[in-house]
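Reading through the structure tokens given below for one structure.
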Amino acid sequence: MMVSGLFFHQAILAEYYGLTLKTVANAFAVYACANISGSFLSGLSIDRFGGARHVPVTLVLMIGSFMAFLMGGHPTWFFAYMGMMGFAV
């Protein structure tokens, strides 16, 4: 739910943090690449170790991504947020 809210209000958040919409669009490319690689790796991880062992890793990645987002101010943090969130989702 938190991810959906951030995606829905991306223009407002970009303005708040002083990011251009071009930077936000480039960050979505990072999100897409991380999502694809995360999907493949999480599938292998779940098949090998089970879903219960996979949940804590996903939660740590999500918490880390939100911490990177809250650091804000510089585009690097936004790219880190999008990358970690893409990998976790």
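- Side chains of L70 and Y81 form no contact here, defined as non-hydrogen atoms less than 4.5 Å apart.
- Residue N26 forms a side chain to side chain contact (heavy atoms under 4.5 Å, CB included) with just one option from Y31, F79, F78, and that option is F79.
- Expressed to the nearest 0.5 Å, how far NE2 of H54 lies from CG of L59 amounts to 9.5 Å.
- With rounding to the nearest 0.5 Å, the separation of OG1 in T23 from CZ in F28 is 12.5 Å.
- When side chains are defined from C-beta on, F87 does not count as touching N35, because their heavy atoms never get closer than 4.5 Å.
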After noting the C-alpha distance and the side-chain angles of S45 and S42, does the key distance pass the side chain to side chain donor-acceptor pair (under 3.5 Å) rule? CA-CA 5 Å; S45 172; S42 67; over 6 Å; no
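- A pairwise comparison of heavy atoms in A68 and A80 identifies CB-CB, 4.1 Å as the closest pair.
- A single hydrophobic cluster is not seen to contain both W77 and V30; linkage of ILVMFWY side chains at heavy-atom distances under 4.5 Å, directly or through other members, places them apart.
- In terms of heavy atoms, I46 sits closest to G51 at CG2-N, 4.1 Å.
- Hydrophobic clustering, with ILVMFWY side chains joined whenever heavy atoms are under 4.5 angstrom apart, groups Y16 together with V24.
- One finds the CG atom of L21 at 7.5 Å from the CD atom of Q10 (value rounded to the nearest 0.5 Å).
- Between F69 and L13, some side-chain heavy-atom pair lies under the 4.5 Å cut-off.
- Y17 contributes atom OH, which lies 13.0 Å from atom CD1 of I12 (distance to the nearest 0.5 angstrom).
- A distance of 5.5 Å separates OG in S65 from CE in M84, rounded to the nearest 0.5 Å.
- Pairing each heavy atom of A88 with each of L61, the nearest pair is CB-CB, 3.7 Å.
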